[in-house]
Amino acid sequence: MRGLRLFIRPLDSADQQPVTDFLQAQNASAALPACGLLGKLLGDIVAVMAIEILPDGVRIDDLIVRADLRRKWIGRAMLRELESFARKLDRSRLVVHDARGAEEFFRRVGFVEEGTGWARYL
């Protein structure tokens with residue numbers, strides 16, 4: 001992984017089948033996101049982030065990283081890209097309503113508990 005560049009871009013309509021295949025391979029119960037980011041490494045999908053644009057922020061509905069590449073900073077890179085995107089849209093925070101067992105990850109990347117979810121202010 002060292003020395004390789006993670007390519008992150010918004011999802012588009014041509015990604016429907018490859019993303020569906022990726023989600024099935026990762027045993028993810030998530031549906032195909034309508035809006036999100038796609039992470040590729042050497043042309044292969046390694047991460048998918050489902051998001052929703054809110055009036056004051058961006059909500060992360062799901063972040064799925066290929067199981068054998070977790071703890072390799074891919075999730076952090078996806079969040080950095082989302083933060084940059086949110087700033088361009090003049091949104092002030094990132095929100096996660098259901099961390100589904102990823103609470104420690106979100107804590108490590110700067111999110112704080114807020115009510116029943118997590119938030120990170122930009």
Side-chain angles (χ1 to χ4, degrees):
M1 167 94 187
R2 186 171 290 237
L4 299 178
R5 185 163 170 84
L6 181 67
F7 178 69
I8 302 171
R9 65 173 174 79
L11 288 170
D12 64 25
S13 59
D15 297 323
Q16 185 174 3
Q17 190 59 47
V19 169
T20 300
D21 294 343
F22 171 78
L23 294 173
Q24 288 174 349
Q26 299 306 309
N27 295 322
S29 61
L32 183 68
C35 182
L37 296 176
L38 178 74
K40 285 187 161 190
L41 193 61
L42 296 175
D44 293 330
I45 297 174
V46 296
V48 173
M49 179 186 289
I51 62 171
E52 183 178 337
I53 309 300
L54 303 173
D56 66 335
V58 178
R59 183 177 73 209
I60 301 169
D61 291 325
D62 215 345
L63 173 57
I64 300 159
V65 176
R66 200 169 84 189
D68 62 325
L69 293 176
R70 291 185 184 147
R71 297 193 170 265
K72 305 277 188 217
W73 291 63
I74 291 172
R76 288 176 186 252
M78 297 288 286
L79 285 173
R80 275 195 310 270
E81 189 68 25
L82 181 62
E83 182 180 323
S84 173
F85 178 68
R87 287 179 197 269
K88 288 177 186 175
L89 294 175
D90 291 326
R91 299 306 193 262
S92 61
R93 65 188 188 137
L94 303 179
V95 180
V96 178
H97 287 296
D98 184 8
R100 287 183 240 159
E103 292 85 1
E104 184 58 34
F105 168 75
F106 287 112
R107 184 176 290 117
R108 277 187 279 133
V109 294
F111 282 76
V112 294
E113 286 187 76
E114 186 176 272
T116 60
W118 294 80
R120 184 166 112 188
Y121 293 88
L122 308 177

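Tracing side-chain contacts under 4.5 Å through hydrophobic residues (I, L, V, M, F, W, Y), one never reaches Met49 starting from Val95; they form parts of separate clusters. Note: the hydrophobic cluster containing Ile8 also contains Leu122 (ILVMFWY, side chain heavy atoms under 4.5 Å, direct or indirect links). Placement of Val112 and Leu94 in two distinct hydrophobic clusters is found when ILVMFWY residues are connected by side-chain heavy-atom separations under 4.5 Å, directly or transitively. By the rule that hydrophobic residues join a cluster once side-chain heavy atoms approach within less than 4.5 Å of another member, Leu42 and Phe7 end up as members of separate clusters.
Between Lys40 and Asp15, no side-chain nitrogen of the basic residue sits less than 4.0 Å from a carboxylate oxygen of the acidic one, so the salt-bridge criterion is not met. Using a cut-off of 4.0 Å between Lys/Arg side-chain N and Asp/Glu carboxylate O, Arg80 and Glu83 are scored as not salt-bridged.
Here the CG-CD distance, from Asn27 to Gln24, works out to 9.5 Å after rounding to the nearest 0.5 Å. The distance from atom CD of Glu114 to atom CZ of Arg120, rounded to the nearest 0.5 Å, is 14.0 Å.
No donor-acceptor pair under 3.5 Å is formed between the side chain of Glu81 and the backbone N or O of Arg9.
Annotation for Ile45: hydrophobic cluster partners, listed by chain and number, are Leu11, Val19, Phe22, Leu23, Leu32, Leu38, Val48, Ile64 (ILVMFWY side-chain heavy atoms under 4.5 Å, direct or chained).
Residues passing the salt bridge (charged side-chain N to carboxylate O under 4.0 Å, His left out) test with Arg100 are Asp62, Asp98, sequence neighbours excluded. Every residue meeting the side chain to side chain donor-acceptor pair (under 3.5 Å) condition with Glu52, not counting sequence neighbours, appears here in chain and number order: Arg59.
Residues Gln26 and Ala67 approach most closely at OE1-N, 3.0 Å, considering heavy atoms. Scanning both residues, Ala99 and Phe106, for their nearest heavy atoms gives CB-CD1, 4.0 Å. Across all non-hydrogen atoms, the minimal contact from Ala77 to Leu6 is CB-CD2, 3.7 Å. Of all heavy-atom pairs between Gly36 and Ile51, the closest is CA-CG1, 3.8 Å. Contact between Val58 and Arg91 at its shortest, heavy atoms only, is CG2-CG, 4.1 Å.
Side-chain atoms of Leu79 and Ile60, non-hydrogen and from C-beta on, do get closer than 4.5 Å to each other. Considering only heavy atoms from C-beta on, Ile53 comes within 4.5 Å of Phe85 through its side chain. By the 4.5 Å heavy-atom criterion applied to side chains, Arg108 and Arg76 are counted as neighbours. The side-chain heavy atoms of Asp56 and Arg93, taken from C-beta on, include a pair separated by under 4.5 Å. In this structure, the side chains of Trp118 and Arg107 come closer than 4.5 Å at one or more pairs of heavy atoms.
More than 12 heavy-atom neighbours from other residues, nucleotides or ligands sit within 6.0 angstrom of CD on Glu103.
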